[in-house]
Amino acid sequence: MHAISVVLVALMALLHAYILVLEMFLWQRGPGRGLSGFDAELARATAPLAANQGLYNGFLAAGLVWGLIADDPTGRQVQIFFLSCMVVAGVYGAATANRRILFVQALPAAVTLATVVAAG
């Protein structure tokens, strides 16, 4: 179970690093506009907000990387904290912005959190 949790935590870190890139650097280009569904004008107007969101996603990814490289029990506790943050952010985002966030962020984070806790 430990190996599975490590792989899932690493995948969640990669997902949030990818979201950072989308929101900070590609928001006004095809991939970012495809994600948001915004036209060029709205993408330009919301780019600073998206970049701010991207930065927060980068902090989540960095936290998971820290959790992977830190010795236990600190590493495991850090993983639990940051995965919990991802679940909360995903549920809030799904409730307030786009239901898709529940399936892209909250559900994978919850499954990963469950594996980290089960791996003990």
Side-chain angles (χ1 to χ4, degrees):
M1 184 62 84
H2 177 72
I4 293 170
S5 72
V6 168
V7 169
L8 291 177
V9 169
L11 288 172
M12 289 302 298
L14 287 172
L15 172 65
H16 284 271
Y18 176 67
I19 294 170
L20 173 147
V21 171
L22 278 175
E23 292 177 340
M24 292 190 79
F25 305 110
L26 302 175
W27 190 252
Q28 296 182 62
R29 296 188 175 106
R33 288 186 43 207
L35 176 70
S36 68
F38 293 165
D39 63 23
E41 183 178 332
L42 190 53
R44 187 173 30 262
T46 59
L49 297 171
N52 189 46
Q53 288 178 183
L55 185 61
Y56 285 105
N57 278 288
F59 292 141
L60 293 172
L64 288 184
V65 171
W66 172 31
L68 286 171
I69 63 174
D71 292 331
D72 285 332
T74 302
R76 183 172 179 272
Q77 292 167 345
V78 167
Q79 290 175 34
I80 290 170
F81 173 77
F82 281 96
L83 288 166
S84 298
C85 289
M86 289 176 178
V87 172
V88 171
V91 169
Y92 183 80
T96 60
N98 187 323
R99 194 168 293 184
R100 179 176 52 182
I101 296 169
L102 185 67
F103 302 103
V104 172
Q105 181 178 352
L107 182 60
V111 169
T112 303
L113 177 60
T115 63
V116 169
V117 170

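Because the structure is a prediction, the values reported are computed rather than measured.
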Rounded to the nearest 0.5 Å, how far does CG of Leu55 lie from CG of Asn57? 9.0 Å
Quick check: closest heavy atoms across Gln28 and Ala47, and the distance to 0.1 Å? NE2-CB, 3.5 Å
Nearest heavy atoms of Ala61 and Ala13, plus distance in Å: CB-O, 3.4 Å
Quick one: do Ile19 and Leu11 end up in the same hydrophobic cluster if we chain Ile, Leu, Val, Met, Phe, Trp and Tyr together by side-chain heavy atoms under 4.5 Å apart? no
Can you check whether Leu49 reaches Asn52 side chain to side chain, under 4.5 Å on heavy atoms? no
Cluster check Leu102, Val104: I/L/V/M/F/W/Y, side chain < 4.5 angstrom: no
Same cluster (ILVMFWY, side-chain, under 4.5 Å), Val87 and Met12: no
Test: ring pair (Phe, Tyr, Trp, His ring centres under 6.0 Å). Region: residues 40-70. Which pairs qualify, not counting sequence neighbours? none
Tell me, which pairs form a ring pair (Phe, Tyr, Trp, His ring centres under 6.0 Å) where one or both residues lie in residues 15-48, sequence neighbours left out? Trp27-Phe38
Look up atom CG in Leu107 and atom CE in Met86, then write down how far apart they are to the nearest 0.5 Å. 14.0 Å
Taking every non-hydrogen atom, the tightest pair across Ala97 and Ile101: CB-CD1, 4.2 Å
Measuring from Leu8:CG to Thr112:OG1, what's the distance to the nearest 0.5 Å? 4.5 Å
Do Phe82 and Val7 sit in the same hydrophobic cluster, where Ile, Leu, Val, Met, Phe, Trp and Tyr count as joined when their side-chain heavy atoms come under 4.5 Å apart? no
Under 4.5 Å between side-chain heavy atoms, hopping through other hydrophobics if needed: is there a path connecting Met1 to Val6? no
Please give me the minimum heavy-atom distance between Leu60 and Cys85, naming the atom from each residue. CD2-CB, 3.9 Å
d(Arg33 CZ, Leu26 CG) to nearest 0.5 Å is 12.5 Å
Mind checking the CG-CD spacing from Leu15 to Gln105? Nearest 0.5 Å is all I need. 7.5 Å
Count the heavy atoms belonging to other residues, nucleotides or ligands that lie under 6.0 Å from CG of Asp39, then report whether that count exceeds 12. yes
Backbone N/O of Leu22 and side chain of Arg29: donor-acceptor pair under 3.5 Å: no
Shortest non-hydrogen separation from Leu83 to Val9 and the atoms involved: CD1-CG2, 4.2 Å
Pairwise distance CG(Asn98) to CG(Leu35) - rounded to 0.5 angstrom: 8.5 Å
Considering non-hydrogen atoms only, spot the tightest contact between Val116 and Gln79 and give its length. CG2-OE1, 3.5 Å
